[in-house]
Amino acid sequence: METFELTLSDDTVLSGISNIPTHTPARPKFCPLIVGLHGGSYTSQYFDVTPNYTAKLPSNSLSIPFVAIDRPGYHKSTPVSSVRPDSSFPEEWGRRLHQSILPALWTEFGLKNNCSCIVLHSHSLGTNGAIVAASLHASEPGTPVYPLGGLVTSGFGSLLKDTGGHVSQPDPPPSHINIPVQVKDSTLLLPGTADDEVYAQSDKLDHAIPFDEIASLRQSWLSNWKQKWGTDVAVPIMIAFAENDYYWDATEEHLQQFAMGFPNSPRIDTSIICSAPHNIELSYWGAGWYARSFGFAAECATSLALKK
């Protein structure tokens, strides 16, 4: 994919990658711009690992534009500099996503390519900011700057296992922490769930994770996300749990519990992907997951356009 770097309306910098395919008969009449939001300790390259493990394949196949950002604090994207006492890291980066990132992406990639809306494709810790942005979009007075058609998410939920989200609380806390690559490859992309060509890219994909990003999960997010953010989300949502997720409890009960956190969503598709690891996009299940995500995004764009 092609790299990009934008200066946003709030003077922050956003980096990422994009794939803008040529128009073919496969392009949906109402075409979404799909925006990828990577998880913790990765970058936008998570969505473009090798020629065989990339969102570029379904993007080209369906002629649907795809953009993946480096979330705040990753690669060249400006970090979240401070978190107010009455706020949290997910809220701060989610607000930036809604107020400056998505409007810029819509102008730069959506409007220029005759897209009809944005659909978010989030993984793991990319999801809480997506939920905040979708909530703010729904409660925006007047017409929002960008049209939002839907949200696709995996590797995130509302019930962590004992193995997920625990960090020590040093004083002062560090700005970032590192998860060793060998640990990630043995827990998030379980041995035998991807080709060797993917594991060979592990160092390239690795990035330090903002400390507040991981610490905020148990400190604040899990206790209030439904009441504060989930209840206002008004777009269709597709949720998948990986059966062998290292962090999240992948049970049908938890899946439905998580889905119930979005009472105003007009459509919620849920599934547990059997035998899959946390990093679905990097795994053998990635091709199928991308196909479902792009198909869902096309359906969301059509529903939004004809609803009007």
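Checked against a 6.0 Å centroid threshold, the rings of Phe156 and Trp248 count as neighbours. In this structure, His278 has its ring center under 6.0 Å from that of His123. Checked against the 6.0 Å centroid criterion, the rings of His176 and Phe211 do not qualify as a close aromatic pair. For Phe47 and Phe66, the distance between ring centers is under 6.0 angstrom. When ring centroids are compared, Trp229 and Phe262 stay outside the 6.0 Å threshold. Taking the six-membered ring wherever Trp is involved, the centroid distance between the rings of Tyr74 and His38 falls below 6.0 Å.
Side-chain contact, Ser271 with Arg292: a donor N or O sits under 3.5 Å from an acceptor N or O. Looking at Gln257 and Glu253, their side chains never bring a donor and an acceptor atom within 3.5 Å of each other. His121 and Ser293 are linked by a side-chain donor-acceptor pair at a separation below 3.5 angstrom, with hydrogens and angles left out of the test. Inspection of the His254 and Asp249 side chains reveals no N or O donor paired with an N or O acceptor under 3.5 Å. Looking at Thr127 and Ser122, their side chains do bring a donor and an acceptor atom within 3.5 Å of each other. Side-chain polar atoms of Asp195 and Asn52 form no donor-acceptor pair below 3.5 angstrom.
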Self-check item: Audit row: Phe109, Ser18, side chain to side chain contact (heavy atoms under 4.5 Å, CB included) steps and yes/no
Solution: CA-CA 9 Å; Phe109 298 103; Ser18 67; 3.8 Å; yes
Quiz item: For Val119 and Val35, what are the C-alpha separation, side-chain angles and deciding distance, and is it a side chain to side chain contact (heavy atoms under 4.5 Å, CB included)?
Solution: CA-CA 6 Å; Val119 174; Val35 177; over 6 Å; no
Practice problem: Report the C-alpha distance between Tyr290 and Glu281 in whole Å, list the side-chain angles of each, state the deciding distance to 0.1 Å, and finish with yes or no for side-chain hydrogen bond (donor to acceptor under 3.5 Å, both in side chains). | Solution: CA-CA 7 Å; Tyr290 275 135; Glu281 288 86 352; 5.4 Å; no
Quiz item: Passes side chain to side chain contact (heavy atoms under 4.5 Å, CB included), Gln201 versus Lys204? Steps please.
Solution: CA-CA 5 Å; Gln201 301 301 314; Lys204 173 187 170 184; 3.2 Å; yes
Practice problem: Start with the C-alpha distance between Asp232 and Ser139, add both sets of side-chain angles, then the distance that settles side-chain hydrogen bond (donor to acceptor under 3.5 Å, both in side chains), and finish with yes or no. | Solution: CA-CA 7 Å; Asp232 290 328; Ser139 56; 5.0 Å; no
Self-check item: CA sep, side-chain torsions, deciding dist, call: Asp269, Arg267, salt bridge (charged side-chain N to carboxylate O under 4.0 Å, His left out)
Solution: CA-CA 7 Å; Asp269 292 10; Arg267 171 187 175 184; 2.8 Å; yes
Practice problem: Decide yes or no on side chain to side chain contact (heavy atoms under 4.5 Å, CB included) for Arg27 and Ile64, but give the supporting numbers first. | Solution: CA-CA 6 Å; Arg27 177 183 166 107; Ile64 294 178; 5.7 Å; no
Exercise. Would you please test Phe258 and Trp225 for ring-ring contact (aromatic ring centres under 6.0 Å, His included) and show each step?
Key: CA-CA 11 Å; Phe258 185 47; Trp225 74 272; 5.2 Å; yes
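Between Arg96 and Glu92 there is no salt bridge, since no side-chain N of the basic residue sits under 4.0 Å from a carboxylate O of the acidic one. Under the 4.0 Å criterion applied to side-chain N and carboxylate O atoms, Lys184 and Asp206 are assigned as salt-bridge partners.
By the criterion of side-chain heavy atoms lying less than 4.5 angstrom apart, applied directly or through intervening Ile, Leu, Val, Met, Phe, Trp or Tyr residues, Leu125 is grouped together with Leu160 in one hydrophobic cluster. Residues Tyr284 and Ile273 share a hydrophobic cluster, clusters being chains of Ile/Leu/Val/Met/Phe/Trp/Tyr side chains in contact below 4.5 Å. Hydrophobic clustering, with ILVMFWY side chains joined whenever heavy atoms are under 4.5 angstrom apart, groups Ile268 together with Leu255. Taken together through direct or relayed side-chain contacts under 4.5 Å among Ile, Leu, Val, Met, Phe, Trp and Tyr, Leu8 and Trp93 form part of one hydrophobic cluster. Residues Leu190 and Tyr53 do not share a hydrophobic cluster, clusters being chains of Ile/Leu/Val/Met/Phe/Trp/Tyr side chains in contact below 4.5 Å.
At least one donor-acceptor pair under 3.5 Å links the side chain of Ser77 to the backbone N or O of Ser15.
Aromatic ring orientation, His98 versus Tyr146: perpendicular (interplanar angle above 60°, classes split at 30° and 60°).
When all heavy atoms of Phe89 and Val83 are compared, the closest pair comes out as N-CG1, 3.9 Å.
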